[in-house]
Structure formats: structure tokens, C-alpha cells
Chemist: 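If you scroll down you'll find the structure; I have some questions about it.
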Amino acid sequence: MTDPSEMRALAADDKVAVVIVAAGRGARAGQADGPKQYQRIGGRAVIARTLDMFLAHPRIGPVVVAIHADDSALFRSAAGANADRVITVTGGASRQDSVRLGLLALRGYAPSQVLVHDAVRPFVDAELIDRTIAGIGERQGALPALPVADTLKRESAAGMIGETVSRNGLHAAQTPQGFPFWPILAAHEKAHHLGKADFTDDAAIAEWAHIPVKIVPGSPDNVKLTWARDISMADQRLSGERPRFPDSRTGNGYDVHAFEPGDHVTLCGVSIPHEKKLSGHSDADVGLHALTDALLATCGAGDIGTHFPPSDPQWKGVASRIFVEYAAKLVRARGGRIANADITLICEAPRIGPHREAMTETLSAMLAISRDRISIKATTNEKLGFVGREEGIAAIATASVVFPGDVPE
Ligand SMILES: Nc1ccn([C@@H]2O[C@H](COP(=O)(O)OP(=O)(O)OP(=O)(O)O)[C@@H](O)[C@H]2O)c(=O)n1
Ligand SMILES: C[C@](O)(CO)[C@H](O)COP(=O)(O)O
């Protein structure tokens with residue numbers, strides 16, 4: 001994000017700035033293929049989910065993400081289009097330092113309030129963000145926390161239980177933690193200059209700097225992914241979850257072929273006796289050509305000519321079935337599931353009705369979807385235009401494909 005007017009708009013009075021810390025190495029999770037914030041849960045990177053929650057929230061203004069110097073490419077690939085909606089800074093050697101560097105990057109925006117959140121808490125939700133913001137005062141921070149439920153033991157030097165610690169009044173701290181911006185920045189800077197580097201959360205720094213912090217109810221779902229097991233449990237938890245904004249796409253296609261002397265036409269994969277044939281490089285099946293374009297359109301993969309140029313002699317006279325099967329395979333290779341296909345043939349003749357069943361059967365096999373997901377329709381052009389004069393046949397097609405996950409923000 002580079003446009004200063006956009007930055008100022010984001011820092012408008014009622015907007016709350018956010019620092020998301022994502023520069024850790026995840027030593028305890030021990031993932032060989034990269035830090036835990038970039039591991040995939042439910043098909044998406046942990047940090048992508050975390051970013052979604054904040055960027056979709058109406059109260060959120062500028063978002064700074066502190067990432068490790070080695071992780072720029074990982075971050076860009078995980079965050080997708082959201083990478084351009086946040087400000088990235090290089091994090092520090094400790095969480096505390098990453099927060100401080102994130103806060104420093106917000107000075108130019110002069111927000112009045114800021115939330116600090118762990119990238120590895122991807123189950124943060126809008127209500128929790130609301131509760132935290134509501135708890136921030138002019139000189140007061142807000143900390144979501146849950147009362148400790150387990151009985152607490154302090155280990156003795158011998159690896160034995162030394163004593164039972166009362167859990168009365170004890171809470172487990174979560175993030176996002178919210179603060180008035182300038183006081184928490186000043187507290188972090190002071191701690192840094194005094195070499196005090198052992199704070200494990202920002203509420204502890206606030207406490208040290210005499211900024212009161214109000215406890216607001218945390219969320220039991222808002223777990224921090226610390227160990228490898230936390231990541232696999234998060235993945236399991238999401239695997240049965242339906243996307244909130246299903247990535248359902250629609251493509252359309254249109255094609256026309258002129259008649260020439262002949263004795264049959266091929267439409268939607270079915271050969272129909274007729275007193276003319278359609279001219280074309282392949283079998284000139286207008287229905288299948290329109291459908292190929294519709295399928296390719298659902299994943300932005302160009303059109304039939306991109307993949308099967310008419311100038312290429314190898315496609316001369318081929319059955320158009322191969323174009324549709326190719327497009328369906330490409331859609332599936334990108335994770336798509338074909339939900340339905342709808343083709344309208346526009347011609348005065350031949351009559352389509354008697355062949356509709358055979359066409360549906362053929363397309364069902366071609367697309368590997370059930371017959372009730374296929375629709376073949378036909379209409380005349382009321383004797384108007386080139387179709388009306390029986391100079392050719394036109395076809396339009398629509399395909400719906402559902403891709404995994406949510407539509408990105
Ligand atoms: N130098 C650091 C260390 C941690 N964090 C971030 O702080 C959050 C909470 O820290 P933690 O769970 O301890 O993460 P790691 O430091 O990555 O894990 P570990 O301690 O197991 O190495 C994470 O989002 C992490 O990326 C950070 O931004 N900069
Ligand atoms: C900030 C925090 O999430 C509050 O529970 C936690 O302290 C950070 O974890 P770390 O393992 O201490 O970095």
C-alpha cells in the first residue's frame with residue numbers, strides 16, 4: 001500500500017490500526033517446510049485466514065504485518081491479493097521486538113488505537129475484535145483472556161510437584177490485545193532502550209509502564225498454534241467447514257459456424273442427418289465450442305483458440321469432444337468441480353428435440369457429471385438474420401464451476 005491518501009483514509013478517527021506479528025521461526029512446531037504461519041490449514045495458509053479476519057472487519061484501518069527477512073516470497077504467496085492491502089516490515093529477533101517495529105511503522109498514520117495480534121491465532125473472530133476494541137480507553141488497554149480451567153502445579157527442582165498454585169483470579173492471555181497507540185508505543189520504546197526484553201505479551205509491557213489493562217472475554221476457539229499437533233488439529237477442524245464465501249464461478253461462451261454443402265451436422269457430440277454441413281477447421285460442433293469457451297472462462301484460461309489454434313493442422317477435422325474434455329481436465333486440475341453446463345443451440349433446422357436425450361447423454365459422459373446437471377435447449381431465430389436465412393448455426397453456453405475455499409477478499 002503506497003498511496004498516502006489511502007493511508008490517511010485508513011487512519012481516520014474511528015479506525016483501529018493493527019500490528020500482526022509473523023516473524024517467528026516456529027521452533028516448537030518444528031515444521032521442516034517453513035514456519036507455522038505459512039502452513040496450510042483447511043487448504044489455506046494460517047496467516048491468510050488471520051489477515052482475512054482483520055481486513056474484513058469494518059473498524060480496521062491500517063494493518064502492519066511484521067515478517068521475517070527471509071519470508072517475503074512466502075508471505076506474498078500466502079497472502080495473495082491481501083499482500084497489497086497491508087504494510088510489511090521486517091520483524092525483530094523476539095516477538096516483543098517485532099511488535100515494536102510494527103508499531104513504529106504506524107507512526108505516520110497516527111492512529112488513536114492499535115490492536116496487536118499473533119499471526120498464528122487464525123481463529124480470531126469479529127466479535128472478539130469488537131470486544132477488544134470496546135475495552136480500549138484513552139489510557140487503558142484491553143486484553144482478551146479466559147479463566148484458567150486446569151489445576152496449576154509448580155514443579156520443584158527435582159522434577160516433582162513442589163506446590164499447587166491457586167488458580168483463583170488467573171487468566172490465560174490471548175490476542176488481539178488493544179491499546180491507545182501512543183502510550184503503548186512509548187512503553188515499547190522505553191523497554192527497548194532500557195534493554196528490558198523479556199515480555200511475552202504487550203499487556204505485560206503495559207503493566208510495566210503503568211497502563212491499566214481491562215480483561216475482556218477471550219474465545220476458546222482463539223487458540224495459538226504452538227506445536228505441530230495444534231496445526232494438524234486446526235486443519236482437521238477446518239476440513240469439515242464450509243466456505244463462507246464459496247468460490248463459485250460462471251463462464252459463458254458463444255460460437256457460430258456457417259453452412260456448406262453436406263449431409264449431416266454434429267451438434268453437442270451427436271451426428272444429425274441434414275441437407276447441409278457446418279464448415280470449420282474441426283467438426284464445427286458449435287455447441288461444444290461454446291461450451292469449451294465457457295469452461296475455460298471459469299478459470300481465466302483464455303478461449304478455445306488459445307489452446308487449439310485454427311492455424312494448427314493437427315486439429316483439422318477432429319471431433320470437438322477433445323476440446324471439451326481438455327477444458328474440463330484443465331478446470332479439474334485447478335481444483336474446480338463442474339456444477340452444471342447449459343447450452344442453447346440457435347437454428348431454424350435441423351430440429352434438436354429428437355436428439356436432446358442423446359446430446360445430454362454424450363455431454364454427461366464428456367464432462368463426467370450427472371445428466372441433471374446438463375441442459376440442452378434450442379430455439380429458432382424467428383427467420384431473422386443469418387440464422388433465420390439458414391446460413392449457419394449459433395450456440396451459447398454457460399458453465400458453473402465451484403473452486404475450493406472462499407472467494408479471496
Ligand atoms: N521474533 C519473533 C518471534 C515471534 N513472532 C510472532 O509472534 C507470534 C507468537 O509467537 P510464537 O508462538 O512463540 O511463535 P514463534 O516464535 O514462531 O514460535 P517458537 O517460539 O516455537 O519458535 C507468532 O505469530 C510469531 O510469528 C514474531 O513476530 N517475531
Ligand atoms: C502473546 C501471547 O499470544 C499471549 O498468550 C503469547 O504470550 C505469545 O506466545 P509466545 O510463545 O510467548 O511467543
Side-chain angles (χ1 to χ4, degrees), residues 18-39 41 45-54 63-72 74-75 78-79 86-106 114-124 128-129 132 141-150 170-179 184 187-188 191-192 196-208 213 215-231 233-234:
V18 181
V19 172
I20 295 178
V21 280
R25 298 294 78 197
R28 284 169 291 179
Q31 305 290 307
D33 56 345
K36 55 193 178 181
Q37 55 272 33
Y38 300 111
Q39 297 294 318
I41 54 171
V46 168
I47 194 168
R49 293 185 168 270
T50 308
L51 282 177
D52 272 359
M53 289 317 301
F54 286 94
V63 176
V64 169
V65 185
I67 63 173
H68 192 276
D70 296 343
D71 291 350
S72 300
L74 271 177
F75 175 72
V86 302
I87 304 132
T88 50
V89 295
T90 303
S94 64
R95 181 188 184 282
Q96 181 184 332
D97 217 32
S98 293
V99 175
R100 184 181 68 84
L101 293 164
L103 291 171
L104 282 172
L106 282 168
V114 65
L115 299 175
V116 180
H117 187 69
D118 297 328
V120 293
R121 288 189 188 265
F123 296 111
V124 57
L128 181 59
I129 294 172
T132 308
L143 163 80
L146 290 175
V148 171
D150 295 324
L170 290 187
H171 287 76
Q174 301 188 339
T175 69
Q177 299 183 2
F179 305 93
I184 195 66
H188 262 280
H192 177 67
K196 285 207 59 70
D198 53 353
F199 295 108
T200 56
D201 76 349
D202 310 287
I205 295 192
E207 183 190 330
W208 171 77
V213 178
I215 296 174
V216 302
S219 156
D221 291 335
N222 182 31
V223 290
K224 180 162 79 72
L225 308 185
T226 302
W227 307 98
R229 180 184 157 76
D230 300 329
I231 301 170
M233 281 176 68

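Atoms within each ligand, like the ligands themselves, are counted from 1 in listed order.
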Chemist: Where's the contact between Ser98 and ligand 1, heavy-atom distance under 4.0 Å: side chain, backbone, both or neither?
Modeler: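 The side chain, only.
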
Chemist: Looking only at side-chain N and O atoms, does Gln96 offer a donor or acceptor that is under 3.5 Å from a partner on Asp198?
Modeler: no

Chemist: Is Val120 close enough to touch ligand 1? Criterion: a residue heavy atom under 4.0 Å from a ligand atom.
Modeler: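 The answer is yes, since Val120 has a heavy atom less than 4.0 Å from ligand 1.
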
Chemist: For atom 26 (O) of ligand 1, what's the nearest protein heavy-atom neighbour? Residue, atom name and distance, please.
Modeler: Gly24 N, 2.9 Å

Chemist: Using heavy-atom distances only, which candidate in His117, Lys36, Arg95 approaches atom 14 (O) of ligand 1 most closely?
Modeler: Lys36

Chemist: Looking at side-chain heavy atoms only, is the closest gap between Asp201 and Leu143 below 4.5 Å?
Modeler: yes

Chemist: Would you call Val86 and Phe54 a side-chain contact if the rule is heavy atoms closer than 4.5 Å?
Modeler: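 The answer is no; the side chains never approach within 4.5 Å.
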
Chemist: What residue and atom, counting heavy atoms only, is the protein's closest point to atom 17 (O) of ligand 1, and at what distance?
Modeler: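 Ranking protein heavy atoms by distance from atom 17 (O) of ligand 1, first comes Gly26 N, 2.7 Å.
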
Chemist: Who's the nearest protein heavy-atom neighbour of atom 6 (C) of ligand 1, and how far?
Modeler: Val21 O, 3.7 Å

Chemist: Does an N or O anywhere in Thr200 fall below 3.5 Å from an N or O of ligand 2?
Modeler: yes

Chemist: For a 4.5 angstrom cut-off between non-hydrogen side-chain atoms, does Asp118 reach Gln174?
Modeler: no

Chemist: May I ask you to identify the nearest protein heavy atom to atom 1 (N) of ligand 1, giving residue, atom name and distance to one decimal place in Å?
Modeler: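 Nearest protein contact, heavy atoms only, for atom 1 (N) of ligand 1 is Gly92 O, 3.0 Å.
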
Chemist: For atom 28 (O) of ligand 1, what's the nearest protein heavy-atom neighbour? Residue, atom name and distance, please.
Modeler: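 I find the closest protein heavy atom is Ala23 N, 2.8 Å.
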
Chemist: Could you identify the single nearest non-hydrogen protein atom to atom 19 (P) of ligand 1 and state the distance to 0.1 Å?
Modeler: Ala27 N, 3.4 Å

Chemist: Between Phe75 and Leu51, is there a side-chain heavy-atom distance shorter than 4.5 Å?
Modeler: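 Heavy-atom side-chain distance check passes, below 4.5 Å.
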
Chemist: Give me the residue, atom name and distance of the protein heavy atom closest to atom 13 (O) of ligand 1.
Modeler: Arg28 NH2, 2.8 Å

Chemist: To check your reading of the model: name the closest protein heavy atom to atom 8 (C) of ligand 1, its residue, and the distance in Å.
Modeler: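 Among all protein heavy atoms, the one nearest atom 8 (C) of ligand 1 is Asp118 OD1, 3.5 Å.
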
Chemist: Judging by distance only, is a nitrogen or oxygen of Arg95 under 3.5 angstrom from one on ligand 2?
Modeler: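 No, there is no polar N/O contact under 3.5 Å.
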
Chemist: Salt bridge check, Arg121 against Asp230: does any charged N sit closer than 4.0 Å to a carboxylate O?
Modeler: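 Salt bridge: no.
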
Chemist: Consider every N or O of Arg121 and every N or O of ligand 2, then say whether any pair is closer than 3.5 Å.
Modeler: yes

Chemist: Below 3.5 angstrom, do we get any N/O pair linking Lys224 and ligand 1?
Modeler: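 Min N/O separation from ligand 1 is below 3.5 Å for Lys224.
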
Chemist: Relative to ligand 1, is His68 under 4.0 angstrom through side chain, backbone, both or neither, heavy atoms considered?
Modeler: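 No part of His68 is near ligand 1 at this cut-off.
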
Chemist: Between Arg28 and ligand 2, find which residue part has any heavy-atom pair under 4.0 Å and reply side chain, backbone, both or neither.
Modeler: side chain

Chemist: Measure Pro35 to ligand 1 on non-hydrogen atoms and call it side chain, backbone, both or neither using the 4.0 Å cut-off.
Modeler: neither

Chemist: Of the options Val64, Ile184, Val99, which is the one that meets Val114 in a side-chain contact (heavy atoms from CB on, under 4.5 Å)?
Modeler: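 Only match with Val114 under side-chain contact (heavy atoms from CB on, under 4.5 Å): Ile184.
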
Chemist: Tell me the contacting part of Asp118 for ligand 2: side chain, backbone, both, or neither, using a 4.0 Å heavy-atom threshold, strictly below.
Modeler: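 Side chain only.
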
